[in-house]
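Following: one structure in structure tokens, then a few remarks.
Chain A is the first sequence line, chain B the second, and so forth, proteins listed ahead of strands; every chain is numbered from 1.
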2 protein chains.
Amino acid sequence: MARELTDDQKQKIEENRKKALERLKATKARTDTAKPPEQKKRLRGSKMSTNYYEYNLTTMRDTKAGFIEEDPQKSPEKRRKILTLDEIPYDPSSTQKCRECASLDLDVAYLKVFKVPVCRKCIESVPDKYSLLTKTEAKDDYLLTDGELRDRERLPVWEKPNPHKHTWNNMLLYLREHLEAFAIEKWGGLEELDGEFARRETEKQERKERKYKKSVAELRKRTRVEEWERKRRERLRIEQAHEHTFEAIGDDSCEQKCTICGLTVEVEEF
Amino acid sequence: MARELTDDQKQKIEENRKKALERLKATKARTDTAKPPEQKKRLRGSKMSTNYYEYNLTTMRDTKAGFIEEDPQKSPEKRRKILTLDEIPYDPSSTQKCRECASLDLDVAYLKVFKVPVCRKCIESVPDKYSLLTKTEAKDDYLLTDGELRDRERLPVWEKPNPHKHTWNNMLLYLREHLEAFAIEKWGGLEELDGEFARRETEKQERKERKYKKSVAELRKRTRVEEWERKRRERLRIEQAHEHTFEAIGDDSCEQKCTICGLTVEVEEF
DNA sequence: GCTTTACGGTGGAAC
DNA sequence: GCTGTCCGTCGGAAC
Ligand SMILES: [Zn+2]
Ligand SMILES: [Zn+2]
């Protein structure tokens, strides 16, 4: 037993070590060169489309879209204030260019919320980097936790009204590029992430199987008990709750047998 | 698959139904008569002693012992204020008697915190009702959740400095009588509670076994792979990285065999 | 036999 | 392909 726990521990420690190393490496790589991230297709479930964005365009007016940033005043508890998209300052006369095609017609939301200068056309043509994922998708696809998804520094969030009902909790949108970078640091690479994903899938499957087997066994057991009870009751009914109706066995015999319970008695003839 | 989930659902619903019924019954029973709760021994792990109390007596002076009660001012969020034991008001000239032995010398802490008039002697002689359990013990023994343990109305708490280190989080003490009543309502009875306890124990055991088996299998697999790798390397070494050292097979033979890799060649003698 | 928190998994509600 | 919260389990930290 102690050995299992130790194995677990070792694994955790190794993971963390790997994590730290990868973090350094990844950070360096990204800041040194602007080389694109791995282009390997990640279509586990989340779409590569920009549906969420489209949705926003139609409801831009009454949306409470915004993101969270540090409050200027340095109070002991780090106060955060939600700014609407319009309240986020930016310089419209900037000569910044799209990082993909060098266009000057940048997408304002991406620039303001995600700090990524990119044009609408490139957002749609490079979903591997610029598609948006909801928080739930982010958790499912990249196996990030709530705590990690709360890191607004590295994972800026575009809050939008819930598409199901606007009174519900805001929908939280993340940029795929950010999630992928984070996940690579966390898991040590996309391959390791896929491994963990597979591990959990098989575990889920095994859990299901066990549950199913158990329920079948339970049902069978119950059925058997009920059958046994039924038989017992029937036996009792026959043996106790009737008047014997004797009939002679054969013609010459002095024996009689009850037609219900089979009780056989000798008849003394006087 | 859908069947399993439904079974689970049914079970939950049944539990809740039972819960509601039991709640009514239990509440009535307790308010109508002062009959003692089930005296069945519950010594799963927590002691029946009053150790925690003893501890308190020696450190009463600098303890921040207290309990939480509603703030008089009705603000929208229910403000709560922690009162120290001395700050809790009570009437020392009260003629209230010990509910067990009718003594007038009541335990002040029990009266103030738990609202139970009982004397020190009876606290020690009836641990089934008056022994104290830490929060962790309460969870372990009565299978209550954090949320339930937060119900200060039904489960008053006596906070005391942590016995391990006074700078750590306060120790939270509950009265066994309260916990037991709550657990009976929650689970539908002490028997059902024991059933659930047993269920979890076996589950834990099964989990452990599975984990162990898995780790053994993993180890075995790894060992096998390593062994295979070792052999392969050895084979390669032998077949590639050596000069053949031929020796004649038998005396008259014109065949020769390498002493390292076993390669056999015919030797043409001129 | 000290407590809080974090995590993974899950249904149900509706911020 | 919506989000919070809760539950059970667990190991580590130190309120
Ligand atoms: Zn572009
Ligand atoms: Zn008494």
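Taking the charged nitrogens against the carboxylate oxygens, Glu100(A) and Lys129(A) do have a contact shorter than 4.0 Å, which makes a salt bridge. Between Arg199(B) and Glu196(B) there is a salt bridge, with a side-chain nitrogen of the basic residue lying less than 4.0 Å from a carboxylate oxygen of the acidic one. Ion pair Glu159(A)/Lys135(A) not flagged as a salt bridge, since none of the NZ, NE, NH1 or NH2 atoms sits closer than 4.0 Å to an Asp/Glu carboxylate oxygen. Using a cut-off of 4.0 Å between Lys/Arg side-chain N and Asp/Glu carboxylate O, Glu203(A) and Lys208(A) are scored as not salt-bridged.
Atoms CD (Glu203(A)) and P (dT9(D)) sit 15 Å apart, rounded to a whole Å. Atom CG of Asp141(A) is separated from atom C1' of dG8(C) by 16 Å (rounded to the nearest Å). What separates CG of Leu149(A) from P of dG8(C) is a distance of 12 Å, to the nearest Å. Protein atom CD of Glu201(A) is 10 Å distant from nucleotide atom P of dT10(C), rounded to whole Å. Separating the NZ atom of Lys204(A) from the C1' atom of dC7(C) is a distance of 15 Å, rounded to the nearest angstrom. Note: CZ (Arg199(A)) to P (dC7(C)) measures 15 Å, nearest angstrom. Rounded to an integer number of Å, the gap from Lys165(B) NZ to dG12(D) C1' is 15 Å. Atoms CD (Gln205(B)) and P (dT9(D)) sit 13 Å apart, rounded to a whole Å.
In this structure the side chain of Leu132(B) reaches within 4.5 angstrom of the side chain of Tyr110(B), judged on heavy atoms.
Between the side chains of Tyr212(B) and Arg207(B), no donor-acceptor pair of N or O atoms lies under 3.5 Å. One side chain, Ser46(A) or Arg176(A), offers a donor N or O that lies under 3.5 Å from an acceptor on the other.
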Practice problem: Take Glu124(B) and Arg120(B), measure what salt bridge (charged side-chain N to carboxylate O under 4.0 Å, His left out) needs, and give me the verdict at the end. | Solution: CA-CA 7 Å; Glu124(B) 292 190 351; Arg120(B) 196 72 238 287; 3.4 Å; yes

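OP1 or OP2 of dT10(C) sits under 4.0 Å from a side-chain N or O of Arg207(A).
Taking a pair as Watson-Crick or G-U wobble with both distances under 3.5 Å, DNA chain D forms stems of 3 or more consecutive pairs at C:6-9 with D:6-9.
Nucleotides dG11(D) and dT10(C) have their C1' atoms positioned 23 Å apart, rounded to a whole Å. The same atom, C1', is picked in dG9(C) and in dG12(D); the two are 22 Å apart, to the nearest Å.
Picking from dC10(D), dC7(D), dG8(C) the nucleotide with the shortest atom distance to the side chain of Thr145(B) gives dC7(D).
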Using the 3.5 Å cut-off, write out each protein N or O paired with an N or O of nucleotides 2-5 of chain C and the distance between them.
residue : atom : partner   : partner atom : Å
dC2(C)  : OP1  : His164(B) : NE2          : 3.3
dC2(C)  : OP2  : His164(B) : NE2          : 2.1
dT3(C)  : OP1  : Lys135(B) : N            : 3.4
dT3(C)  : OP1  : Leu172(B) : N            : 2.9
dT3(C)  : OP2  : Thr136(B) : N            : 3.1
dT3(C)  : OP2  : Thr136(B) : OG1          : 2.3
dT4(C)  : OP2  : Lys135(B) : NZ           : 2.7

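Sequence order on DNA chain C of the closest nucleotides to Thr167(A) and Leu144(A) puts Leu144(A) first from the 5' end.
At least one donor-acceptor pair closer than 3.5 Å links the side chain of Lys112(B) to the backbone N or O of Leu85(B).
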